[in-house]
Amino acid sequence: MKLIKTKFDHAFVMRPDVFEDSRGFFMETFNARVIGSLDIRMPFVQDNQSYSKSPGVLRGLHYQLNPKSQAKLIRVLNGAIYDVIVDLRKSSPTFGEWQGFILTEYNKYQLFVPKGFAHGFCTIVPNTEVFYKVDSYYSPEHERGIHWNDPDLNINWPVSEPILSKKDQQYPSFKNAEFNF
Ligand SMILES: Cc1cn([C@H]2C[C@H](O)[C@@H](COP(=O)(O)OP(=O)(O)O[C@H]3O[C@H](C)C(=O)[C@H](O)[C@H]3O)O2)c(=O)[nH]c1=O
């Protein structure tokens, strides 16, 4: 497995070993022993999958408050995304900083996002399917968000007029957002 560090402690990109032959390929997409060796607290308790018809669909920036904060292991089954995480951990030296990653069905990159981060992605091709594991159950009462186009974060999304849910249009700015990490 290939491991790529990010600007954040405990967040990283990993690429499983891919075994290709004349039929196609095989790879272990999740192995608790491998994940455990990266001192990632287990267990993941829920798998999520989303499908976005068009390029320019932006989902985020989302997170759940403690005690229901979620670590996530994200990968693209089909298509491609520009994936963004924002450090919301107040004591972190990278608090308020963000980093973007291109995850596609072709590079097979997986992004591990620790608890305490806001997460969002923008699709860059049609028919994009994203699969991710989370280590805390969905809790609408603890769900919060930050506006995708927050001027202080100034994230360089690949589109200027994304397709957004009503909910994502109404999230507060970074400085007015509620978080407890
Ligand atoms: C997240 C979630 C949602 N839902 C229900 C609630 C809504 O009725 C419906 C669609 O949810 P939402 O519009 O929040 O879906 P996304 O905009 O794709 O949200 C996700 O987008 C970004 C990228 C994330 O990182 C989060 O994991 C997640 O918030 O699914 C559930 O039943 N369980 C869940 O775990």
Side-chain angles (χ1 to χ4, degrees), residues 6 8 10-14 29-30 35 40-89 94 96-105 107-150 153 155-159 161-174 177-181:
T6 70
F8 305 112
H10 304 305
F12 50 81
V13 173
M14 52 192 277
T29 51
F30 176 75
I35 292 289
I40 292 176
R41 219 179 49 70
M42 298 295 287
F44 288 107
V45 295
Q46 180 179 310
D47 284 348
N48 298 333
Q49 184 167 332
S50 68
Y51 166 75
S52 302
K53 271 183 273 195
S54 318
V57 169
L58 196 154
R59 298 170 183 261
L61 297 158
H62 303 158
Y63 56 96
Q64 291 191 169
L65 295 175
N66 277 329
K68 302 286 186 186
S69 56
Q70 293 176 318
K72 299 173 184 171
L73 182 60
I74 302 144
R75 67 189 174 96
V76 170
L77 300 177
N78 298 303
I81 62 173
Y82 182 68
D83 198 293
V84 172
I85 61 177
V86 184
D87 191 351
L88 302 180
R89 303 167 300 179
T94 50
E97 294 187 26
W98 64 273
Q99 187 171 5
F101 308 89
I102 303 270
L103 309 180
T104 79
E105 63 180 283
N107 66 21
K108 300 182 177 56
Y109 283 165
Q110 299 187 21
L111 175 64
F112 177 74
V113 188
K115 294 174 183 290
F117 281 73
H119 173 244
F121 64 78
C122 182
T123 60
I124 42 187
V125 297
N127 303 316
T128 288
E129 284 196 274
V130 178
F131 174 93
Y132 48 110
K133 305 178 87 68
V134 293
D135 70 348
S136 181
Y137 293 110
Y138 176 55
S139 172
E141 311 76 64
H142 294 85
E143 193 178 34
R144 299 293 186 277
I146 295 170
H147 195 267
W148 67 279
N149 201 20
D150 181 83
L153 295 176
I155 295 168
N156 67 343
W157 296 105
V159 294
E161 293 182 11
I163 299 164
L164 298 161
S165 67
K166 266 247 162 322
K167 187 174 67 167
D168 287 355
Q169 293 172 34
Q170 293 157 0
Y171 276 130
S173 62
F174 174 64
E178 177 194 5
F179 41 83
N180 60 2
F181 304 111

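As the structure lists them, so they are numbered: ligands from 1, and atoms in each ligand from 1. The model shown is predicted, which means the values in this text are computed figures rather than measured ones.
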Next item on the list: Find all atoms of ligand 1 within a distance of less than 4.0 Å from any non-hydrogen atom belonging to H119, and give their numbers and elements.
Entry: 23 (C), 24 (C), 25 (O)

Margin query: Suppose we measure from atom 15 (O) of ligand 1 to each protein heavy atom; which comes out shortest, and what is that distance?
Written below: R59 NH1, 4.1 Å

Next item on the list: Say whether Q46 and ligand 1 are in contact under the criterion: heavy-atom distance to a ligand atom below 4.0 Å.
Entry: yes

Checklist line | Atom pair CG/OH of D83 and Y109 - distance to nearest 0.5 Å | finding: 14.0 Å

Next item on the list: For atom 11 (O) of ligand 1, grab the closest protein heavy atom and report residue, atom and distance to one decimal in Å.
Entry: K167 NZ, 4.5 Å

Note to self: Surrounding NE2 of H10 (heavy atoms of other residues, nucleotides or ligands, distance under 6.0 Å), is the total greater than 12?
What the structure shows: no

Notebook entry, point to check: Hey, is Y137 one of the residues with a heavy atom under 4.0 angstrom from ligand 1?
Noted result: no

Margin query: Going by a strict under-4.0 Å cutoff (protein heavy atoms only), does atom 8 (O) of ligand 1 have a neighbour on the protein?
Written below: no

Notebook entry, point to check: What closest approach, in Å, do K115 and S69 show between heavy atoms, and which atom pair accounts for it?
Noted result: NZ-O, 2.7 Å

Notebook entry, point to check: Would a search of protein heavy atoms around atom 30 (O) of ligand 1 find one under 4.0 Å away?
Noted result: no

Next item on the list: Can you establish whether the number of heavy atoms outside Y51 located under 6.0 Å from its atom OH is more than 12?
Entry: yes

Item checked: Protein heavy atom under 4.0 Å of atom 20 (C) of ligand 1 -> yes

Note to self: Rounded at 0.5 Å granularity, tell me how far OG in S52 sits from CG in N78.
What the structure shows: 11.5 Å

Check: Does Q49 CD have over 12 foreign heavy atoms under 6.0 Å away?
Finding: yes

Checklist line | Nearest-0.5 Å distance that lies between atom CZ in F101 and atom CG in N107 | finding: 12.0 Å

Checklist line | Those atoms of ligand 1 less than 4.0 Å from some heavy atom in E143 | finding: 14 (O), 29 (O)

Notebook entry, point to check: When Q110 is tested against each of V76, T29, V13 for side chain to side chain contact (heavy atoms under 4.5 Å, CB included), which residue passes?
Noted result: T29

Check: What protein heavy atom is closest to atom 6 (C) of ligand 1, reported as residue, atom name and distance in Å?
Finding: Y138 OH, 3.4 Å

Notebook entry, point to check: For atom 17 (O) of ligand 1, what is the nearest protein heavy atom, given as residue, atom name and distance?
Noted result: H62 CE1, 3.3 Å

